[in-house]
Number of protein chains: 4
Amino acid sequence: MSINTNTSVPIYQQIADHVRGRVAAGIHRPGEMLPSIRALAIELVVNPNTVQRAYDELDWEGLVELRRGVGFVVTEQGVRVARNQLEQAARGSFSQGIVLARSANISEESIRGIFDRAMSDSGVREGGGT
Amino acid sequence: MSINTNTSVPIYQQIADHVRGRVAAGIHRPGEMLPSIRALAIELVVNPNTVQRAYDELDWEGLVELRRGVGFVVTEQGVRVARNQLEQAARGSFSQGIVLARSANISEESIRGIFDRAMSDSGVREGGGT
Amino acid sequence: MSINTNTSVPIYQQIADHVRGRVAAGIHRPGEMLPSIRALAIELVVNPNTVQRAYDELDWEGLVELRRGVGFVVTEQGVRVARNQLEQAARGSFSQGIVLARSANISEESIRGIFDRAMSDSGVREGGGT
Amino acid sequence: MSINTNTSVPIYQQIADHVRGRVAAGIHRPGEMLPSIRALAIELVVNPNTVQRAYDELDWEGLVELRRGVGFVVTEQGVRVARNQLEQAARGSFSQGIVLARSANISEESIRGIFDRAMSDSGVREGGGT
DNA sequence: GTGGTCTAGACCACA
DNA sequence: GTGGTCTAGACCACG
């Protein structure tokens with residue numbers, strides 16, 4: 001994972017979203033421990049406080065829980081919670097985009113066209129190159 | 001129009017987006033003047049500085065221009081600019097939502113389903129457009 | 001208000017509890033603004049970050065909300081929320097004490113005696129002195 | 001007994017409180033030996049260091065004493081000490097709850113009501129005691 | 001080893 | 001003026 005410091009999205013949010021994605025995708029399973037705050041802070045080259053804030057958020061949401069002397073572990077409900085949150089977030093972004101487009105009187109067809117282009121663009125993965 | 005002070009979207013951006021929409025939709029036509037800063041500030045119950053910042057942004061984008069002794073008037077290119085801006089913004093929102101959904105390993109089909117629901121929920125207002 | 005740095009209760013918790021009490025008691029009414037983070041930090045001689053964390057907690061709980069450019073204001077539901085929280089917290093403390101006492105096989109009457117003494121002691125207010 | 005790893009109460013304290021209760025209730029009598037550190041650690045599925053810390057605390061309090069080659073045995077004064085400790089702890093919890101309730105301007109009557117509910121909810125186990 | 005709290009101080013966005 | 005974020009670094013409690 002890599003942090004983007006040129007966006008307005010706070011770093012702790014990027015981290016939280018990243019973990020949500022990994023939990024929702026089954027990379028971190030219930031009962032498993034997340035990377036320790038310090039380890040992740042070193043890996044991402046950010047301050048431990050920043051990682052902690054991200055983990056705190058996931059804790060409040062019930063996605064993970066703190067096990068004393070161990071660390072943060074994914075809860076049973078974590079996968080469901082993560083999936084829901086990401087779906088809701090995605091839906092919120094879509095709605096926001098639709099409102100913007102509609103305010104310009106862009107037709108439904110054109111809106112779908114914009115969405116389709118976004119879909120195919122995001123589907124591109126790097127394939128190598130020089 | 002109404003301002004939402006409880007969202008994370010800055011007020012000045014809400015105003016700017018609103019004006020972009022009206023220009024793109026042909027409510028404000030090239031050569032026509034926008035509501036004066038003071039008038040709009042009073043109507044929206046916001047600080048004039050905030051309206052100023054919104055208008056400044058539209059000015060930088062070339063959507064409107066300041067005509068001395070008159071006020072901000074829509075430029076010739078304004079409609080096109082407004083449309084572009086909103087389309088790009090919509091596209092950005094879509095991309096952001098897609099990234100979130102993909103991070104959770106949500107299938108393309110499901111993503112389209114989420115989008116479709118957002119489309120129908122937002123409701124159709126007028127026909128026309130592109 | 002005064003901060004007690006000799007307890008295990010975090011400073012931000014003390015601050016949050018203090019505000020909860022003031023809201024529940026009607027000192028801060030719905031729609032009214034809390035002391036600004038910086039002002040309170042200076043008054044209590046703590047770091048602004050610490051006050052912010054307290055306010056954040058109250059925000060998550062729905063007791064206050066952030067109004068852009070203004071500050072944190074008490075919500076409509078704030079009074080009810082604060083009262084509920086404090087009542088629940090009090091009840092939790094009572095339950096904890098009861099469990100401890102019962103584990104020692106202390107009779108119900110004796111437990112009530114302990115409680116009564118705590119009640120009368122807490123009722124004492126300073127009355128002057130040299 | 002069962003350890004709760006999700007509470008803010010340290011495990012070593014849960015263990016110490018448990019032993020205090022058993023001594024105060026006469027389950028462990030003066031001169032009798034406590035379960036060995038290793039045995040209790042295995043039974044509770046915790047680190048032996050944690051049990052050690054609990055026993056140390058009881059030792060400092062004079063509730064038990066380490067007899068070389070034997071283990072921790074309850075002292076003569078142990079019952080009295082245990083009872084005192086638990087009573088003080090209970091009293092502390094009560095005071096804390098009362099402070100919280102008073103800060104919300106909850107009437108003395110209501111506070112007693114909250115306490116009564118906590119009492120009845122906690123249920124009566126055995127008779128006897130003081 | 002794990003996380004929790006706090007400080008000092010900086011920089012930014014918004015109204 | 002308001003709050004939001006982040007860093008560097010310290011100290012503590014727990015297991």
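These figures come from a predicted structure and were not determined experimentally. These numbers come from the heavy atoms of this one structure, side chains and all, not from hydrogens, waters or symmetry mates. Per chain, numbering begins at 1; letters A, B, ... match sequence-line order.
- Annotation: side chain to side chain donor-acceptor pair (under 3.5 Å) contacts of B/Q52 (sequence neighbours excluded): B/D56.
- Residue A/Y55 contributes atom OH, which lies 19 Å from atom C1' of E/dT5 at whole-angstrom precision.
- Regarding A/Q14, its CD atom lies at a distance of 12 Å from the C1' atom of F/dT5, rounded to whole Å.
- The separation between A/I3 atom CD1 and F/dT5 atom P is 14 Å, rounded to whole Å.
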Going by atom type alone, with no hydrogens or angles, which donor-acceptor pairs under 3.5 Å involve a side-chain atom of residues 30-47 of chain C and a protein atom two or more places apart or on another chain?
{"residue": "C/E32", "atom": "OE1", "partner": "C/R29", "partner atom": "N", "Å": "3.3"}
{"residue": "C/S36", "atom": "OG", "partner": "C/A39", "partner atom": "N", "Å": "3.0"}
{"residue": "C/N47", "atom": "OD1", "partner": "C/N49", "partner atom": "N", "Å": "2.8"}
{"residue": "C/N47", "atom": "OD1", "partner": "C/N49", "partner atom": "ND2", "Å": "3.4"}

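- Taking each heavy atom of D/T7 and A/R68 in turn, the nearest pair found is O-NH1, 3.4 Å.
- Sorted by first and then second residue, the pairs that involve residues 88-99 of chain B and meet side chain to side chain donor-acceptor pair (under 3.5 Å), not counting sequence neighbours, are A/D121-B/R91.
- The residue C/F72 sits close only to the backbone: its heavy atoms come under 4.0 Å of sugar-phosphate atoms, none of a base.
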Which donor-acceptor pairs under 3.5 Å do side chains of residues 8-25 of chain C form with protein atoms, sequence neighbours excluded?
{"residue": "C/Y12", "atom": "OH", "partner": "C/R53", "partner atom": "NH2", "Å": "3.3"}
{"residue": "C/Q14", "atom": "OE1", "partner": "C/N4", "partner atom": "N", "Å": "3.0"}
{"residue": "C/Q14", "atom": "NE2", "partner": "C/N4", "partner atom": "O", "Å": "2.8"}
{"residue": "C/Q14", "atom": "NE2", "partner": "C/V9", "partner atom": "O", "Å": "3.0"}
{"residue": "C/D17", "atom": "OD1", "partner": "C/R20", "partner atom": "NH1", "Å": "2.5"}
{"residue": "C/R20", "atom": "NE", "partner": "C/E61", "partner atom": "OE1", "Å": "3.3"}
{"residue": "C/R20", "atom": "NE", "partner": "C/Q85", "partner atom": "OE1", "Å": "2.7"}
{"residue": "C/R20", "atom": "NH2", "partner": "C/E57", "partner atom": "OE2", "Å": "3.0"}
{"residue": "C/R20", "atom": "NH2", "partner": "C/E61", "partner atom": "OE1", "Å": "3.3"}
{"residue": "C/R20", "atom": "NH2", "partner": "C/E61", "partner atom": "OE2", "Å": "2.8"}
{"residue": "C/R22", "atom": "NE", "partner": "C/H28", "partner atom": "NE2", "Å": "3.1"}

Only pairs under 3.5 Å count here: list side-chain donor-acceptor contacts from residues 74-81 of chain A, not counting sequence neighbours, and write none if there are none.
{"residue": "A/T75", "atom": "OG1", "partner": "A/G62", "partner atom": "O", "Å": "2.8"}
{"residue": "A/T75", "atom": "OG1", "partner": "A/L63", "partner atom": "O", "Å": "3.1"}
{"residue": "A/T75", "atom": "OG1", "partner": "A/G78", "partner atom": "N", "Å": "3.0"}
{"residue": "A/Q77", "atom": "NE2", "partner": "A/G62", "partner atom": "O", "Å": "3.4"}

Taking only Watson-Crick and G-U wobble pairs with both distances under 3.5 Å, what dot-bracket line describes DNA chain F, where [ ] shows pairs that cross earlier ones and | shows pairs with another strand? ||||||||||||||.

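- At whole-Å resolution of the value, CG in A/N6 and P in F/dC6 are 13 Å apart.
- The distance from atom CD1 of B/I98 to atom OG of B/S103, rounded to the nearest 0.5 Å, is 12.5 Å.
- The distance between atom CG of B/D56 and atom P of E/dA15, rounded to the nearest whole Å, is 14 Å.
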Contact pattern, 5' to 3', of nucleotides 8-15 of chain F - B, S or - by protein heavy atom under 4.0 Å: BB----SS

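- Nearest heavy-atom pair, D/A90 versus C/L100, reported as atom, atom and distance to 0.1 Å: N-CD1, 4.1 Å.
- Look at CD on A/E57: it is 13 Å from C1' on F/dT5, rounded to the nearest Å.
- For residues 59-83 of chain A, the set of pairs meeting the ring-ring contact (aromatic ring centres under 6.0 Å, His included) definition, not counting sequence neighbours, comprises A/Y55-A/F72, A/W60-C/W60.
- Rounded to whole Å, the distance from CD on A/Q52 to C1' on E/dT2 is 11 Å.
- At whole-Å resolution of the value, CG in C/L66 and C1' in F/dG1 are 14 Å apart.
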